[in-house]
Amino acid sequence: MDSLLTAIRKNAIGLAIFAAVTAGLIAVIQVTTKETISHNIQQARVKALHEMLPRDQHDNDLLNDALWISGKELGLTQPEEAFVAKKNGNPIAFFFPVKALEGYTGPISLVVGIKASGELAGIRVLQHQETPGLGDQIELKKSNWVLSFNGVSLNNPMEDRWKVKKDGGHFDQFTGATITPRAIVKAVHKALRAFKQNKHTLITLETHQSIEGSEPNQVFELTYNPDLDSANQHSKGE
């Protein structure tokens, strides 16, 4: 009996030492790699932004000009950082975090680049859970579909053509997968409408340096009022 208790005690001590050493190693690895991981995330983010707006078209460090943005028009449930491209100190494009909430298997995370002129600089899909081989054609590495947004605006195509072709609109859908592209077209359209109404305020907002994990100090809510668009259309009609 004594030998059994001794064996159990030894095993328990051994397991405790093993658990402590393992936890210590994990903690050390997390601390020593945290900065590297943060740097890699930032670099991947910069690469995606420069795919939409090449470096020679702006003269600022995009990560040094960030804004905290919120708003249901972007599908956001909490503030996220948007980035501002500048030339000679003047904003020339904004890159907004957008979530397409009506994806086939859940929200689709995007970054939507909108030039100050109102044209799209481009869009990129950052994260999704769409069906492999069908809905994942929204990834640039799988197809060029996202490039069809380059250069389009609220009026090009016209408002009533901001749909997939199956719904009578301008944008292609995928064979066997209409829900995914439909969700993205709708989300990008909403982002463009909200940008149009908030553009002048956005241009005057103070920016900050993007630091991974930093807390928002000032959040701008991107809103959209359909009555304003109706009033403008009525005014033009007169």
Side-chain angles (χ1 to χ4, degrees), residues 40-41 43-54 62 69-83 93-115 117-198 222-224 226 229:
N40 289 342
I41 290 173
Q43 291 306 307
R45 182 180 283 170
V46 169
K47 181 183 177 183
L49 299 181
H50 283 150
E51 284 179 357
M52 291 181 278
L53 192 75
L62 294 176
I69 293 288
S70 69
K72 66 178 184 179
E73 293 301 319
L74 301 181
L76 303 180
T77 56
Q78 61 184 15
E80 295 191 24
E81 283 184 313
F83 300 94
F94 295 81
F95 297 90
F96 297 104
V98 173
K99 283 189 172 55
L101 301 177
E102 300 174 15
Y104 186 69
T105 57
I108 302 167
S109 295
L110 311 166
V111 58
V112 175
I114 305 177
K115 296 180 180 179
S117 63
E119 290 184 351
L120 281 174
I123 75 167
R124 291 292 184 276
V125 174
L126 302 180
Q127 190 173 19
H128 72 88
Q129 297 177 323
E130 300 304 280
T131 308
L134 293 173
D136 64 351
Q137 300 302 303
I138 55 179
E139 296 178 30
L140 185 56
K141 64 182 179 182
K142 300 286 181 64
S143 83
N144 290 331
W145 181 76
V146 294
L147 300 182
S148 65
F149 289 90
N150 292 358
V152 303
S153 64
L154 280 179
N155 297 319
N156 178 30
M158 298 302 290
E159 279 275 333
D160 60 356
R161 297 269 292 159
W162 268 87
K163 307 171 187 171
V164 295
K165 288 180 178 176
K166 186 174 183 180
D167 299 332
H170 170 80
F171 298 92
D172 287 326
Q173 62 275 336
F174 311 133
T175 302
T178 301
I179 294 175
T180 305
R182 182 186 286 148
I184 291 182
V185 170
K186 184 177 180 179
V188 174
H189 185 216
K190 291 174 70 175
L192 277 171
R193 291 191 312 181
F195 172 75
K196 179 183 176 183
Q197 289 194 1
N198 294 270
L222 211 68
T223 59
Y224 173 71
D229 277 351

Undergrad: Tell me if the CD atom of Glu51 is crowded by more than 12 foreign heavy atoms within 6.0 Å.
TA: yes
Undergrad: Is it the case that the side chain of Trp162 and the backbone of Ser153 share a donor-acceptor pair, with hydrogens and angles ignored and the cut-off at 3.5 Å?
TA: yes
Undergrad: Are there over 12 heavy-atom neighbours, none belonging to Lys166, within less than 6.0 Å of that residue's NZ?
TA: no
Undergrad: What is the minimum heavy-atom distance between Pro79 and Ser70, and which atoms define it?
TA: CA-CB, 4.3 Å
Undergrad: Got a second to check how far Tyr104's OH is from Arg182's CZ, nearest 0.5 Å?
TA: 12.5 Å
Undergrad: So which atom in Leu74 and which in Ala191 form the shortest heavy-atom distance, rounded to 0.1 Å?
TA: CD2-CB, 3.9 Å
Undergrad: Looking only at the aromatic ring of each residue, does the gap between the centers of Phe171 and Trp145 stay below 6.0 angstrom?
TA: no
Undergrad: Give, for atom CG of Leu154 and atom CG of Leu192, the distance between the pair rounded to the nearest 0.5 Å.
TA: 5.0 Å
Undergrad: Spell out, as yes or no, whether a donor-acceptor pair under 3.5 Å connects the side chain of Gln173 to the backbone of Lys165.
TA: yes
Undergrad: Hey, are Arg193 and Asp229 close enough for a salt bridge, meaning a charged N less than 4.0 Å from a carboxylate O?
TA: no
Undergrad: I'd like to know if the side chain of Asn198 reaches the main chain of Thr223, judged simply by a donor and an acceptor atom lying under 3.5 Å from each other, with no hydrogens or angles considered.
TA: yes
Undergrad: Run the side-chain contact (heavy atoms from CB on, under 4.5 Å) check on Ile69 and Glu81 step by step: do they pass?
TA: CA-CA 6 Å; Ile69 293 288; Glu81 283 184 313; over 6 Å; no
Undergrad: If you compare all heavy atoms of Leu53 against all heavy atoms of Ala93, which two are closest, and at what distance to 0.1 Å?
TA: CD2-CB, 4.1 Å
Undergrad: Salt bridge (Lys or Arg N to Asp or Glu O under 4.0 Å) between Lys186 and Glu102: does it pass, once the steps are laid out?
TA: CA-CA 9 Å; Lys186 184 177 180 179; Glu102 300 174 15; 2.9 Å; yes
Undergrad: Could you report the tightest heavy-atom contact between Ala187 and Val98, atom names first, then the distance?
TA: CB-CG1, 4.0 Å
Undergrad: Looking at Gly151 and Asn156, what are the two nearest heavy atoms and their distance?
TA: O-ND2, 4.1 Å
Undergrad: Which heavy atom in Leu76 sits nearest to a heavy atom in Pro97, and how many Å separate them?
TA: CD2-O, 3.7 Å
Undergrad: How far does CG of Leu147 sit from CG of Leu140, to the nearest 0.5 angstrom?
TA: 5.0 Å
Undergrad: Quick check: does any side chain N or O of Glu130 sit under 3.5 Å from a backbone N or O of Thr105, one acting as donor and the other as acceptor?
TA: yes
Undergrad: Without swapping roles, check the side chain of Arg161 against the backbone of Gly169 for a donor-acceptor pair under 3.5 Å.
TA: yes
Undergrad: Hey, could you give me the CG/NZ distance between Leu222 and Lys72, rounded to the nearest 0.5 Å?
TA: 12.5 Å
Undergrad: To the nearest 0.5 Å, tell me how far Glu139 CD sits from Ile108 CD1.
TA: 10.5 Å
Undergrad: Would Asp136 and Thr131 count as a side-chain contact (heavy atoms from CB on, under 4.5 Å) here? Give the steps.
TA: CA-CA 6 Å; Asp136 64 351; Thr131 308; over 6 Å; no
Undergrad: Strictly under 6.0 Å, is that where the ring centroids of Phe96 and Phe83 end up?
TA: no
Undergrad: For a 4.5 angstrom cut-off between non-hydrogen side-chain atoms, does His189 reach Glu159?
TA: yes
Undergrad: Going by the side chain to side chain contact (heavy atoms under 4.5 Å, CB included) test, name the single residue among Asp172, Thr180, Thr178 that passes it with Val164.
TA: Thr178
Undergrad: Would Gln197 and Glu73 satisfy side-chain contact (heavy atoms from CB on, under 4.5 Å), going step by step from the backbone distance to the final call?
TA: CA-CA 12 Å; Gln197 289 194 1; Glu73 293 301 319; over 6 Å; no
Undergrad: Show your working on side-chain contact (heavy atoms from CB on, under 4.5 Å) between Ile184 and Phe149 and close with a plain yes or no.
TA: CA-CA 10 Å; Ile184 291 182; Phe149 289 90; 4.2 Å; yes
Undergrad: Can you tell me how far the CZ atom of Phe95 sits from the NZ atom of Lys115, to the nearest 0.5 Å?
TA: 9.0 Å
